[in-house]
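Contents: one structure, followed by commentary.
In this text, all values refer to a predicted model and were calculated from it rather than measured experimentally. Convention: sequence-line order gives letters A, B, ...; per-chain numbering from 1.
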Amino acid sequence: MSETLATRDGPSVNRRAFFVGGAALVLAASLPMGSRIARAAAATFEPNAFIRIGEDGRIGLIMRDVEMGQGIWTGASMLMAEELDVGLDQVTADFAPPNEKLYANPVLGMQATGGSTSIRADWSDLRRAAATARAALVQAAAKKWNVDPSGCSVTRGMVTHAASGRSATYASLVPLAATLPLPKDAPLKDPKAWTLIGTSQKRLDTPDKVRGKTVYGIDVQLPDMKIATVALCPVLGGKLVRLADDAARQIAGVRDVLRLDNAVAVVGDHFWAAKQGLDALDIEWDFGPNAGLNQAQIVKGHADASSGDGIVARLVGDPETAIARAAVKLDAIYQLPFLSHAPMEPINCTVHVRPDGAEVWCGTQVPARAQAEAAAATGLSADKVTVHNHMLGGGFGRRLEAEYVGITASFAKQVPYPLKMIWTRETDIRHDRYRPYYYDRIAAGLDAEGRIISWTHKVTGSSVTARWAPPGMRKNGIDPDAVECAEETPYDIASLRVSWVRHEPPGVVTAWWRGVGPAHNIFVVESFVDELAAAAKRDPVAFRRSLLHKNPRALGVLELAAEKSGWGSPLPKNVGRGVMVQFAFGSFLSVVCEVEVSPASEFRLRRIVAAMDCGQAVNPDSVRAQLEGGLVFGMTAALYGEITLDRGRVQQSNFNSYRMLRMDETPPIEVHLVNSTETPGGLGETGCAAAFPALANAVYAATGQRLRRLPLNLPREATG
Amino acid sequence: MLTLTINGEDRQLDVAEDVPLLWVLRDVAGLTGTKFGCGVALCGACTIHLDGQPVRSCVMAAGGAVGRKITTIEAIGESDAGAKIQQAWLALEVVQCGYCQSGQIMSAAALLAANPQPSDADIDAAMSGNICRCGTYRRIRAAIKQAAAV
């Protein structure tokens with residue numbers, strides 16, 4: 001920290017290189033400060049971009065992170081309430097407006113919520129912001145009373161000077177605090193004095209959610225608003241050729257039919273009218289260059305590309321020479337499918353374009369990008385576009401894309417009224433941006449003692465980073481996401497080469513999906529380590545243990561998961577246990593999964609045991625909830641998740657063809673947390689990443705069949 | 001013009017009989033607590049009660065609800081089972097993104113009203129039509145059991 005908070009009054013943010021979900025947490029070297037002029041005029045105390053204390057006693061906390069179910073509004077509020085010495089019941093969480101300067105996540109280098117980075121970014125930033133605010137309010141009280149600030153204490157927003165028996169609320173101190181210079185180097189609390197951090201607190205957002213009162217983007221209601229639904233060209237890159245809309249316009253409640261180069265929207269008084277109108281359209285498309293594309297071509301494209309050399313991400317020693325003296329040699333190919341996000345709230349957006357500006361109502365993980373999309377679509381400057389963000393009915397990476405805001409704005413600028421566009425579930429799945437297909441070649445050699453002496457892993461797939469955040473690419477052309485958790489595994493490996501071949505398949509746009517790079521690579525690495533254990537005729541836990549002697553936290557969660565799962569105890573016939581261990585998103589996790597394989601080769605999950613060391617847990621119950629939910633999300637994809645193309649079109653469309661795990665398929669999930677005071681790690685994506693190999697390894701244990709493709713399906717001949 | 005009895009109130013709504021109840025509730029009556037998830041009764045997000053029975057409102061024509069009692073998430077807390085379910089949901093912190101939870105709560109409240117001591121198999125049967133993408137199923141199961149124990 002080269003500058004103290006008090007010397008900073010500008011909007012400059014120390015922008016770091018983009019870094020998704022990695023361990024190399026770098027904290028911002030500065031906190032954006034609010035404008036002092038605005039502060040004085042508004043009669044609120046605004047020491048920084050995150051805290052607004054009013055004379056009316058309102059303590060507003062501005063949420064840099066969006067709430068999409070992960071509990072961050074509560075976690076971030078806990079961090080600030082802790083250092084402000086106020087109760088969690090005294091604060092109000094508010095949406096941050098689009099502002100890359102004030103609200104960029106310092107780990108990601110942009111205003112985005114993703115990569116399981118929120119708590120890691122907030123841990124220092126938000127506590128420091130709150131500690132400074134508290135010190136400023138105490139300083140104001142001390143000045144008012146002409147006493148030494150060190151003699152003052154704070155409880156629930158009440159400053160007390162015990163020696164003189166005086167006290168004052170934060171609210172009463174606001175006018176004075178707003179005029180004083182901010183204190184420098186306000187200390188953070190001693191962890192022993194914490195009353196919130198490390199305790200399970202009730203979430204701030206749930207009371208409204210259980211009563212149906214929360215307004216998601218799709219719930220926005222405005223005067224004169226009309227509702228649209230859309231047909232997008234079924235093949236990426238195609239165009240609208242001809243449209244006959246006479247029948248649609250005859251339908252009761254249909255108000256308008258609007259067109260873009262590659263899309264048609266029908267506007268109605270309500271969604272059903274719009275949908276009936278859309279179904280009545282006669283549309284002719286030119287499907288364009290991808291009209292003949294099918295899944296076999298996409299897979300072959302990846303397979304062919306994977307024979308290339310690629311770019312080396314990490315090289316340790318000489319794995320090619322070392323393999324020659326290996327006692328056990330193994331190689332394999334792993335493949336992962338395209339995946340859709342399918343958040344329960346289908347994609348939607350509401351836009352009202354007026355001559356002098358536009359307003360956008362939506363749920364987004366990237367508010368400033370949403371603003372930029374609407375600005376580009378309408379030709380307005382960004383400062384003329386107001387974005388109202390909302391609670392998200394699921395994100396999972398889908399709402400890191402803002403193209404739907406641009407599409408809505410392109411339609412909305414054709415009409416004078418506010419236009420709410422709701423995609424059908426079919427459109428949501430068929431016009432998603434998908435988790436990349438991956439084709440991985442991996443090989444390793446063990447010496448006679450079972451040590452890994454050679455390891456080569458070549459990833460082939462699309463680069464999300466290159467499209468979404470080009471500055472995040474390494475100078476040598478590596479997409480760090482494509483090799484994350486491949487170039488660094490938890491294990492002691494004597495020689496290693498990890499490389500990446502970039503291959504951009506036609507017909508799809510690839511995007512972030514919960515678990516990002518780690519979910520892909522951990523499946524490959526942990527499945528292959530299991531293969532090595534089997535080849536060495538070693539128990540999967542014992543084999544991993546022998547490779548983790550330099551990694552005590554990874555070893556710790558492995559031992560804990562093994563113990564709690566009863567690893568090694570007898571199981572019924574056709575039941576297997578699989579284990580995995582990972583270090584991803586700053587947290588250590590080991591999962592043991594039990595699966596039963598039916599005579600019809602169907603998988604039934606019996607039990608999942610997770611052992612997590614995420615450092616200091618801020619809200620332990622939320623940590624457990626994220627693990628439970630992440631595991632279900634990952635198991636869903638491991639069992640069912642697959643997007644395929646035929647004639648350039650996505651073949652899946654709704655929850656019948658893109659299946660979700662349901663209540664009757666979800667097993668007991670136990671989460672065991674390691675007590676730790678280490679810096680907090682990320683959580684939201686950890687369980688998802690762990691699920692794939694835990695299940696694949698359990699299937700192997702149950703059947704002897706090694707499944708190297710997701711989703712997991714036993715070959716027909718294995719049934720019996 | 002349709003007259004529907006929604007949460008104990010008679011509402012005159014200018015909409016055709018064949019419009020699904022979901023869109024009448026959301027876009028005409030302005031009650032947005034009931035959610036759109038799939039449109040074809042695959043996910044349960046739109047679950048409401050019709051005379052106390054859980055119904056997928058996305059495939060239920062509004063005309064079919066004339067003369068019957070419609071209850072939505074906005075009013076389910078006025079019933080004994082609904083209040084218990086909401087309390088258990090809060091006590092066990094079931095909710096994540098919350099979008100599916102209106103439907104989950106409506107399905108659970110109907111289950112509890114009809115079956116005060118549901119078994120695991122009863123819960124599977126009543127709740128497996130409700131998808132939760134955040135994966136809160138284990139807590140939903142535990143919360144139903146907790147509500148049943150009150």
Side-chain angles (χ1 to χ4, degrees), chain A residues 67-71 200 202-203 205-216 218-219 221 227 252-253 269-273 275 342-346 391-396 422 424-426 621-622 625-626 628-633 636 654-656 660-666 668-669, chain B residues 14-16 18-20 22-24 26-28 30-40 42-43 45 72-77 85-87 89-91 93-102 105 120-121 123-141:
Chain A
E67 178 60 64
M68 45 193 166
Q70 79 278 44
S200 287
K202 293 292 178 200
R203 286 176 55 148
D205 53 332
T206 46
D208 279 353
K209 287 178 174 175
V210 302
R211 294 180 178 93
K213 286 168 66 180
T214 298
V215 177
Y216 299 85
I218 202 169
D219 300 327
Q221 299 184 74
I227 298 177
D269 292 335
H270 48 76
F271 177 86
W272 190 248
K275 174 71 167 58
M344 288 311 296
E345 180 191 6
M391 289 282 165
L392 277 60
F396 316 122
I422 300 173
T424 62
R425 176 58 64 190
E426 290 80 5
D621 188 56
S622 254
Q626 281 306 290
E628 292 161 10
L631 284 160
V632 169
F633 197 94
T636 299
N654 207 320
F655 295 125
N656 51 350
M660 299 293 138
L661 207 69
R662 292 174 181 268
M663 171 69 86
D664 59 350
E665 302 169 293
T666 302
I669 302 171
Chain B
D14 185 10
V15 70
D18 62 349
V19 176
L22 170 66
W23 302 109
V24 175
R26 290 182 54 84
D27 292 350
V28 185
L31 292 168
T32 56
T34 305
K35 301 304 188 204
F36 167 53
C38 69
V40 286
L42 288 169
C43 80
T72 70
I73 185 68
E74 284 89 350
I76 194 64
I85 288 290
Q86 286 174 327
Q87 281 310 309
W89 248 241
L90 291 172
E93 285 288 358
V94 168
V95 178
Q96 293 190 28
C97 91
Y99 189 82
C100 76
Q101 297 294 346
S102 295
I105 288 168
D120 276 327
I123 293 172
D124 282 347
M127 302 302 298
S128 291
N130 287 80
I131 292 173
C132 173
R133 194 72 171 115
C134 298
T136 65
Y137 300 121
R138 294 306 302 180
R139 291 190 185 218
I140 290 172
R141 184 185 298 279

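- Between chain A and the options B/Glu93, B/Gln101, B/Gln86, B/Met127, the largest number of non-hydrogen pairs under 4.5 Å is found for B/Glu93.
- The candidate with the highest count of non-hydrogen atom pairs below 4.5 Å against chain B, out of A/Thr214, A/Asp208, A/Ile227, A/Val215, is A/Ile227.
- The most heavy-atom pairs under 4.5 Å with chain A, out of B/Gly98, B/Ser102, B/Ser128, come from B/Ser128.
- Chosen from B/Gly77, B/Gly30, B/Gly33, B/Ala75, the residue pairing most often with chain A at heavy-atom distances under 4.5 Å is B/Gly30.
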*Using the side chain to side chain contact (heavy atoms under 4.5 Å, CB included) rule, take A/Ile218 and B/Tyr99 through it: C-alpha gap first, then chi angles, then the decisive distance, then the call.*
CA-CA 10 Å; A/Ile218 202 169; B/Tyr99 189 82; 3.7 Å; yes
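- The two residues A/Phe396 and B/Arg133 have their closest heavy-atom pair at CE1-CG, 3.4 Å.
- Interface summary for chain B: among A/Asn654, A/Asp205, A/Asn656, the most heavy-atom pairs under 4.5 angstrom belong to A/Asn654.
- B/Cys97 and A/Tyr216 make their closest contact through O-OH, 2.7 Å (heavy atoms, listed as atom of the first residue, atom of the second, distance).
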_Residue pair A/Arg662, B/Asp124: steps toward the salt bridge (Lys or Arg N to Asp or Glu O under 4.0 Å) verdict_ = CA-CA 9 Å; A/Arg662 292 174 181 268; B/Asp124 282 347; over 6 Å; no
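- Residue A/Pro346 comes nearest to B/Gly37 through the heavy atom pair CG-O, 4.0 Å, listed as atom of the first residue, atom of the second, then distance.
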*Would you sort out whether A/Val210 and B/Gln87 count as a side chain to side chain contact (heavy atoms under 4.5 Å, CB included), showing the intermediate values?*
CA-CA 9 Å; A/Val210 302; B/Gln87 281 310 309; over 6 Å; no
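- For the pair B/Tyr137 and A/Leu661, the tightest heavy-atom approach, listed with the atom from each and the gap, is OH-O, 2.6 Å.
- Taking CG of B/Leu90 as the start and CZ of A/Arg211 as the end, the distance is 5.5 Å to the nearest 0.5 Å.
- Among A/Gly393, A/Pro668, A/Pro207, the residue with the largest count of heavy-atom pairs under 4.5 Å with chain B is A/Pro668.
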*Begin from the C-alpha positions of B/Arg26 and A/Phe271 and carry the test side chain to side chain contact (heavy atoms under 4.5 Å, CB included) through to its verdict.*
CA-CA 9 Å; B/Arg26 290 182 54 84; A/Phe271 177 86; over 6 Å; no
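- Within the model, atoms CD of A/Glu345 and SG of B/Cys100 stand 12.0 Å from one another, a figure rounded to the nearest 0.5 Å.
- Note: A/Arg203 leads A/Lys213, A/Met391, A/Arg425, A/Arg203 in heavy-atom pairs under 4.5 Å with chain B.
- Atom CG of A/Asp664 sits about 11.5 Å away from atom CG of B/Asp120, to the nearest 0.5 Å.
- Of the listed residues B/Ile73, B/Ile123, B/Thr34, B/Ile131, the one with more heavy-atom pairs under 4.5 angstrom with chain A than any other is B/Ile131.
- Ranking A/Gly630, A/Ser200, A/Gly71, A/Ala342 against chain B, the residue ahead of the rest is A/Ala342, based on heavy-atom pairs under 4.5 Å.
- Using a 4.5 Å cut-off between heavy atoms, A/Leu631 does not touch chain B at all.
- Both the backbone and the side chain of B/Val19 come within less than 4.5 Å of a heavy atom of chain A.
- Residue contact with chain A, scored on non-hydrogen atoms closer than 4.5 Å, involves the side chain of B/Val15 exclusively.
- Atoms CD and CG, on A/Gln221 and B/Leu31 in that order, are 8.0 Å from each other to the nearest 0.5 Å.
- A side chain to side chain donor-acceptor pair (under 3.5 Å) with A/Glu628 is found for exactly one of B/Gln96, B/Arg138, B/Arg139, namely B/Arg139.
- Between A/Phe655 and B/Leu42, the shortest heavy-atom contact is N-CD1, 3.9 Å.
- Ranked by non-hydrogen atom pairs under 4.5 Å with chain B, the options A/Ile669, A/Asp621, A/Val632 are led by A/Asp621.
- Each of B/Gly39, B/Ala45, B/Pro20 has some count of heavy-atom pairs under 4.5 Å with chain A, and the biggest count is that of B/Pro20.
- Of the atoms belonging to A/Ala252, not a single heavy atom falls under 4.5 Å from chain B.
- In this structure, A/Asp269 CG and B/Trp23 CH2 are separated by 14.0 Å, a value rounded to the nearest 0.5 Å.
- Going from atom CD1 of A/Ile422 over to atom CG of B/Asp27 covers 6.0 Å, rounded to the nearest 0.5 Å.
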